[in-house]
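As structure tokens, the structure follows; a few thoughts come after it.
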Amino acid sequence: EVLAGSFVAAGTGRVQAARVGGSAYAMRLQTQARRFSLIRSELQQGTNWILRLVTWVMIPTGILLVVSQLLRSHQSLADALRSSVAGVGAMVPEGLVLLTSIAFAVGALRLARRNVLVQELAAIEGLARVDVLCIDKTGTLTEPGISLEEVDPISDYSREQIVEVVSAIAAADPAPNATVRAMAERFPASPNWALTHTVPFSSVRKWSAMSFDDHGTWVLGGSDVVGNNLPEALVRRVIQHETAGHRVLLLARAPESIGDQDGGPGLPDTLAPVGLLIFAERLREDATATVNYLLDQDIAIKVLSGDAPKTVSAIARHVGIPLRGDPCDASEMAVDEPSIAPSLESTNVFGRVRPEQKLAFIRALQARGHVVAMVGDGVNDVQALKQADLGIAMGSGSQSSRSVARIVLLDSSFAAVPQVLGEGRRVIANIERVGNLFVTKTVYAALLAIVVAISGVPFPFFPRHLTVVTTFTIGVPGFFLALASNAPRASPGFVRRVLRFTVPAGVTAATATFTAYAIARAAPSTTIVQSRTAAMLALLAMGFWVLMLIARPLNVPRIVLLSAMVGGAGLTFVVPAARRVFSLQFPPTPVALVILCVVAGAIATLWAIRRWMPHLLEIAARVVGRRHF
């Protein structure tokens with residue numbers, strides 16, 4: 001039975017549709033697919049967690065603030081409502097999701113200009129978090145095509161006779177793969193033999209066979225699969241070719257037709273070796289540089305190939321992959337994950353790998369805590385590409401591999417992988433900066449709302465005041481920081497790092513703001529407008545200091561950005577029309593000097609907290625560890 005939605009790995013044939021519409025297997029798969037999640041994105045998960053936390057904090061705090069402003073602040077109803085709206089609205093990180101989406105979208109556009117197709121936006125960050133990269137040899141480390149370099153007779157058959165057989169096989173194959181196409185290019189003349197039966201190549205069998213009228217059956221496959229008790233001298237010849245990085249196929253003959261066997265296609269018992277076909281692959285020019293870059297980034301590379309282990313190890317060694325242990329012959333390994341896990345730790349080159357083993361390799365690595373990317377181009381890689389944390393397909397590969405991969409390298413260039421890595425790091429760093437900005441605002445807005453609600457004083461801002469603050473300290477700079485070009489190395493713990501920055505920054509900003517507001521209110525002959533202006537000045541100063549911390553390391557564009565934001569905010573206080581629109585009035589000079597001292601103290605406190613927090617957290621971790629043990 002052939003199921004709709006399946007991929008044809010080898011051969012040709014005809015099918016009769018027995019179930020269509022909702023009864024078809026593909027439709028049932030589509031229904032089940034709704035239960036599958038999208039790619040695991042720490043940024044998206046962390047952003048969703050932050051938004052949930054903000055929601056739980058905002059609802060009770062907002063209710064408390066509204067009740068306080070309406071019943072206890074002794075304001076007019078209009079001012080009380082405006083204060084309530086300002087306090088509740090300030091807690092919402094309204095631009096966080098927008099700028100996160102923009103950062104992902106711009107990353108996808110940048111990669112598209114490098115012929116990299118991102119089929120799921122969150123996949124951009126995937127490679128930046130990967131610590132193990134699984135790759136195939138053919139099409140990744142080497143060029144997609146191969147060439148037949150040599151025909152080596154090992155029996156009574158002459159080279160000319162073997163060439164005739166090779167030409168007949170190449171001409172008769174109804175669905176030639178890369179190996180058969182290489183045979184046809186080298187020996188295009190066809191003897192016009194009559195084909196009677198065929199067994200197409202399968203990555204599971206590792207061999208193919210054709211039966212011809214009056215010429216017997218010819219089998220082509222790996223020497224360790226097709227050959228049975230080969231002479232020691234012949235084994236050494238095969239090893240010599242494989243050690244040089246060549247792909248070696250054994251051509252064998254049986255007198256009977258393969259269609260005459262019982263029990264389905266299998267190797268005939270009368271099979272006798274005839275010759276060796278030596279194929280060569282060209283290394284990609286950029287493979288060595290790409291491998292060296294990935295190794296420098298502490299990404300472990302594991303080569304999973306269907307070719308002979310010595311051939312795979314030779315290619316891996318030529319491109320600079322350090323071999324750890326002897327290359328492993330996966331044909332002798334089980335498929336279950338517990339059995340293959342030890343081999344994954346002891347070696348990094350595997351030959352004779354079957355499709356189901358690639359899937360088991362990926363699962364075993366993930367079970368050991370690794371974030372795994374898979375690069376593949378064939379039907380045999382489909383399951384592994386789907387299972388990996390990040391599937392990367394070659395544009396020249398099969399349609400099935402491209403359809404399941406998260407990222408497609410359209411020009412089939414392995415050199416594009418570092419570009420994807422760099423873009424992922426850039427997106428992660430920029431979204432973390434944006435998150436620090438918006439969550440800091442949420443922290444100080446929530447604390448101000450709680451303190452104001454408890455004290456029963458009018459909220460220190462109207463919505464128009466917070467418009468100025470958020471525009472110049474968060475909104476506009478956040479947009480530019482989301483598109484910054486630097487790419488530091490990524491590390492897990494997005495939410496933890498955001499909270500470590502935003503909680504101290506938000507607490508000190510809220511403390512400085514409310515202290516300035518309270519001092520201004522306590523001063524004689526100071527109006528409520530002057531008190532709110534004093535609070536706004538304090539919050540602006542703290543906001544710019546936080547922005548400078550987030551924008552580090554400072555370069556010329558960021559210094560220009562900071563200067564422009566400070567200048568824009570300053571114009572709001574200098575231009576008379578702006579002061580009237582935003583209801584601003586400078587407090588008396590003595591009060592302004594005291595507020596300046598308050599802000600300086602808050603900045604010094606924040607610096608001290610950031611300076612000593614790693615040491616305090618380390619001490620706390622040790623204390624907790626001792627308690628546990």
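As the structure is a prediction and not an experimental result, all values here were calculated from the model.
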Task: Arg406 (side chain) donor-acceptor with Val118 (main chain) under 3.5 angstrom - done: no
Open item on the list: Does either side chain, that of Asp286 or that of Ser413, offer a donor lying less than 3.5 Å from an acceptor on the other one?
Closed with: yes
Open item on the list: Does anything in residues 437-454 form a salt bridge (Lys or Arg N to Asp or Glu O under 4.0 Å)? List the pairs, not counting sequence neighbours.
Closed with: Glu94-Lys441
Task: Rounded distance (nearest 0.5 Å) linking atom OG1 of Thr440 with atom CD1 of Ile550 - done: 5.0 Å
Open item on the list: Within the 4.5 Å heavy-atom criterion, are Pro458 and Arg532 side-chain neighbours or not?
Closed with: yes
- [ ] Report the residue from Val476, Asn430, Leu547 that forms a side-chain contact (heavy atoms from CB on, under 4.5 Å) with Leu481.
- [x] Leu547
Task: Distance (rounded to the nearest 0.5 Å) between Phe461 CZ and Ser583 OG - done: 13.0 Å
- [ ] Dump the intermediate steps for side-chain hydrogen bond (donor to acceptor under 3.5 Å, both in side chains) on Arg433 and Asn436, then the final yes or no.
- [x] CA-CA 5 Å; Arg433 291 192 186 96; Asn436 286 336; over 6 Å; no
- [ ] Compare all side-chain heavy atoms of Ile301 with those of Asn348 and state whether any distance is below 4.5 angstrom.
- [x] no
Task: Pairs flagged by salt bridge (Lys or Arg N to Asp or Glu O under 4.0 Å) wherever residues 442-465 is involved - sequence neighbours left out - done: none
TODO: Name all residues meeting the ring-ring contact (aromatic ring centres under 6.0 Å, His included) criterion together with Phe573; count only those two or more places apart in sequence or in a different chain, and write none if there are none.
DONE: Phe586
Task: Gap between atom CG of Leu51 and atom CH2 of Trp49 - 0.5 Å precision - done: 11.0 Å
Task: Set of residues satisfying side-chain hydrogen bond (donor to acceptor under 3.5 Å, both in side chains) with respect to Gln366, sequence neighbours excluded - done: Gln387, Asp389
TODO: May I ask you to test the Thr473-Met565 pair for a side-chain heavy-atom distance under 4.5 Å?
DONE: no
TODO: Return yes if some donor-acceptor pair links the side-chain N/O of Gln585 with the main-chain N/O of Thr533 below 3.5 Å, else return no.
DONE: no
TODO: Please name all residues satisfying salt bridge (Lys or Arg N to Asp or Glu O under 4.0 Å) with Arg114, sequence neighbours left out, ordered by chain then number.
DONE: none
Open item on the list: What verdict does the side chain to side chain contact (heavy atoms under 4.5 Å, CB included) test give for Tyr517 and Leu539, after you've listed the backbone C-alpha separation in whole Å, the side-chain angles of each residue and the deciding distance to 0.1 Å?
Closed with: CA-CA 10 Å; Tyr517 181 57; Leu539 187 56; over 6 Å; no
- [ ] Would you confirm whether Thr526, through its side chain, and Ala522, through its main-chain N or O, come within 3.5 Å as a donor-acceptor pair?
- [x] no
Open item on the list: Would Phe494 and Thr47 count as a side chain to side chain contact (heavy atoms under 4.5 Å, CB included) here? Give the steps.
Closed with: CA-CA 9 Å; Phe494 168 70; Thr47 301; 4.2 Å; yes
TODO: May I ask you to check whether over 12 heavy atoms, not counting those of Phe480, lie within 6.0 Å of atom CZ?
DONE: no
Task: Check: Lys302 side chain, Leu344 main-chain N or O, donor-acceptor pair, under 3.5 Å - done: yes
TODO: Applying side chain to side chain contact (heavy atoms under 4.5 Å, CB included), run through Gln45 and Val495 and close with a yes or a no.
DONE: CA-CA 9 Å; Gln45 292 175 350; Val495 174; over 6 Å; no
Task: Interatomic spacing from CG in Leu98 to CZ in Phe479 - rounded to 0.5 Å - done: 8.5 Å
Open item on the list: Phe472 vs Thr572, test: side chain to side chain contact (heavy atoms under 4.5 Å, CB included). Steps then yes/no.
Closed with: CA-CA 11 Å; Phe472 291 109; Thr572 306; 4.0 Å; yes
Task: Exercise: identify the closest heavy-atom pair between Ile595 and Ala516 - done: CG2-CB, 3.8 Å
- [ ] Would you check if Pro93 and Val439 make a side-chain contact, meaning some heavy-atom pair closer than 4.5 Å?
- [x] no
Open item on the list: I need the Ile63 CD1 to Thr61 OG1 distance, nearest 0.5 Å.
Closed with: 9.0 Å
TODO: Determine the minimum heavy-atom distance between Cys134 and Val372, stating which atoms define it.
DONE: SG-CG1, 3.9 Å
Open item on the list: With a 4.5 Å cut-off on side-chain heavy atoms, are Val546 and Phe501 touching?
Closed with: yes
Open item on the list: Contact between Arg558 and Asn555 at the side-chain level, heavy atoms closer than 4.5 Å - yes or no?
Closed with: yes
Open item on the list: I want to check something: taking the side chain as every heavy atom from C-beta on, are Leu53 and Thr442 in contact at a cut-off of under 4.5 Å?
Closed with: no
Open item on the list: Is any side-chain heavy atom of Phe514 closer than 4.5 Å to one of Leu447?
Closed with: no
Open item on the list: Which residues pass the salt bridge (Lys or Arg N to Asp or Glu O under 4.0 Å) test with Arg110, not counting sequence neighbours?
Closed with: Glu423
- [ ] Any chance you could measure Arg363, atom CZ, to Leu359, atom CG, to the nearest 0.5 Å?
- [x] 4.0 Å
- [ ] Measure from the side-chain N and O atoms of Thr508 to the backbone N and O of Ala505, and report whether any donor-acceptor pair falls under 3.5 Å.
- [x] yes
